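As the structure is a prediction and not an experimental result, all values here were calculated from the model. Here, residue 1 is the first one in the sequence, and each next residue gets the next number. Whatever order the structure lists ligands and atoms in, that order sets their numbers, starting from 1. Just so it is clear, the values below take in all heavy atoms, side chains as well, and ignore hydrogens, waters and symmetry mates.
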Amino acid sequence: MITKPKGTYDVIGNDAQKLERINRLIEYFCDFYNYEYIRTPIFEATDLFHRSVGDETDIVSKETYDFKDRSDRELTLRPEGTAGVVRSFIENKMYGTILPKKLWYNGTMYRYERPGNGRNREFTQFGVEILGSNDPAVDAEIISMPYRLFEELGIKDLNVKINNLGSKEDRENYKVALKKYLEPHLSELCEDCQRRFKTNPLRILDCKVDNNSEILKNVPSILDYQSEESTKRFNKVLEYLEYLDVDYEVDSKIVRGLDYYDYTVFEIVSETDALGGASTIAAGGRYNNLVATLGGPDTPCMGFATGLERVMLAMEDVDKRALDCYIMYVNEEEKIKAITLAQDLRISGVSVDYDTTGRSLKSQFKEADRNNAQILVILNSEDLKRGLITVKDNLTKEETKVDENEIIDYIISR
Ligand code: ATP
Ligand code: MG
């Protein structure tokens with residue numbers, strides 16, 4: 001028997017029902033918040049991720065699936081969604097259209113990680129990006145939208161951790177202070193951090209090995225190294241979040257695992273036990289320099305992404321969706337009526353099913369219950385001769401005979 005590759009999984013049973021519910025809600029939300037759908041390729045030029053996510057990040061230094069195609073092109077399975085969206089924004093000259101551009105995506109991502117609870121090699125991210133606005137109201141929307149989505153999905157103990165990384169200049173000032181503080185303790189940090197000290201000291205705050213050490217607990221706060229303008233901007237974001245009733249906590253250690261962030265960064269966590277160590281269900285931030293870094297015009301942007309596997313873990317089980325209508329029949333004449341009526345009802349927006357395994361009428365009733373059918377249509381030749389169809393309300397058990405020509409309207413009105 002051939003089994004699935006390590007770190008991948010099949011979505012079946014209750015997980016599949018959860019994922020359907022999540023996907024449906026995502027579509028509603030994106031519609032209500034006025035985002036346009038975008039789909040970009042699952043593989044991109046390897047360079048795209050090196051230049052955007054950053055060489056010194058875990059994602060690019062150890063987690064990408066890189067390969068050469070048959071013509072020796074260097075390609076990478078996308079580890080995240082923003083780089084591809086920004087590439088597309090530039091390549092399709094969307095910066096020349098009316099801004100901001102509000103885009104959403106939902107698709108599989110690939111990272112060569114050690115698989116565990118809420119950590120897979122193939123996983124799914126839903127994310128949105130707002131390109132072309134630096135308004136703090138954008139930051140507030142990018143944070144509150146997934147927050148409200150998770151609430152709607154019934155996820156408990158939600159909290160937003162938010163930080164301000166400031167401008168490039170603010171970060172440079174902070175890096176000097178951070179290095180000065182860390183230098184005497186360097187030998188006590190992990191090997192990766194010793195390298196990061198030279199290449200990208202901010203990354204040390206994101207280290208999964210050292211994050212509980214006393215040294216990292218007492219690092220200077222990046223919030224103390226912000227310009228007045230940056231602090232003012234951040235306070236505005238917090239003010240808007242308060243108006244929007246979002247629970248947040250300022251956490252000066254949140255830097256996120258990607259290089260392109262500046263100003264606001266955040267994580268949404270849920271402390272439900274089901275998530276184990278992987279309590280971050282969504283994360284994002286502002287990236288005002290990425291479009292320019294990838295060759296486009298200066299465009300301030302912000303976005304978030306959420307891992308749907310973690311959302312599924314944090315959710316309670318969902319009930320199987322109820323079927324609107326189950327049609328029952330015994331002989332061939334009734335069967336023909338069943339399949340045509342089912343088609344007409346389905347086209348009219350009613351969910352319908354009927355037996356295709358030769359079940360007895362008694363088993364068809366059981367099958368209707370198993371499908372949680374609300375209305376039963378019981379076809380019988382005698383009735384059909386008189387132009388009538390028996391309809392039974394499966395909750396009240398009330399039965400009526402309805403004129404064949406009015407059956408669709410009758411069922412829709414129920
Ligand atoms: P972590 O610190 O948990 O590794 P990250 O910083 O790598 O997360 P991002 O790159 O910001 O995460 O991705 C955003 C979201 O995508 C995460 O909050 C998580 O929900 C999800 N995610 C990231 N990596 C994985 C994975 N390997 N499997 C499942 N979900 C993932
Ligand atoms: Mg990671």
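- A cation-pi contact links K102 to Y35, judged by a cut-off of 6.0 Å to the six-membered ring centre and 45° from its axis.
- Checking only distances, G307 does come within under 3.5 Å of ligand 1, N or O to N or O.
- Aromatic ring orientation, Y33 versus F29: parallel (interplanar angle below 30°, classes split at 30° and 60°).
- For a threshold of 3.5 Å applied to N or O pairs, the pair formed by A283 and ligand 1 contains no separation below that value.
- Y37 and W104 have tilted rings, their planes meeting at an angle from 30° to 60° on a 0 to 90° scale.
- Contacts between R121 and ligand 1, counted as non-hydrogen atom pairs separated by less than 4.0 Å, are absent for every part of the residue.
- Of the heavy atoms in Q125, only side-chain atoms (C-beta onward) come closer than 4.0 Å to ligand 1.
- Those atoms of ligand 1 that come under 4.0 Å of a heavy atom in E113, given as number and element, are 24 (N), 25 (C), 26 (C), 27 (N).
- Counting heavy atoms under 4.0 Å from ligand 1, residue D206 does not touch it at all.
- Taking a 4.0 Å cut-off on heavy atoms, R119 registers as neighbouring ligand 1.
- Heavy-atom proximity to atom 26 (C) of ligand 1, evaluated over F123, F304, Y261, Y110, is greatest for F123.
- Under a 4.0 Å N-O distance rule, the pair E398/K392 does not qualify as a salt bridge.
- Inclusion of E309 in the set of residues having an N or O under 3.5 Å from an N or O of ligand 1 is not warranted.
- A cation-pi geometry, defined here as NZ or CZ lying under 6.0 Å from the six-membered ring centre and within 45° of its normal, holds between R121 and Y112.
- Here is the list of ligand 1 atoms found below 4.0 Å of a heavy atom in T280: 18 (O), 19 (C), 20 (O).
- Relative to the six-membered ring of Y263, R233 meets both conditions, a distance below 6.0 Å and an angle of at most 45° to the axis.
- For K161 and Y248, the positive end is not near the middle of the six-membered ring at less than 6.0 Å and at most 45° from its axis.
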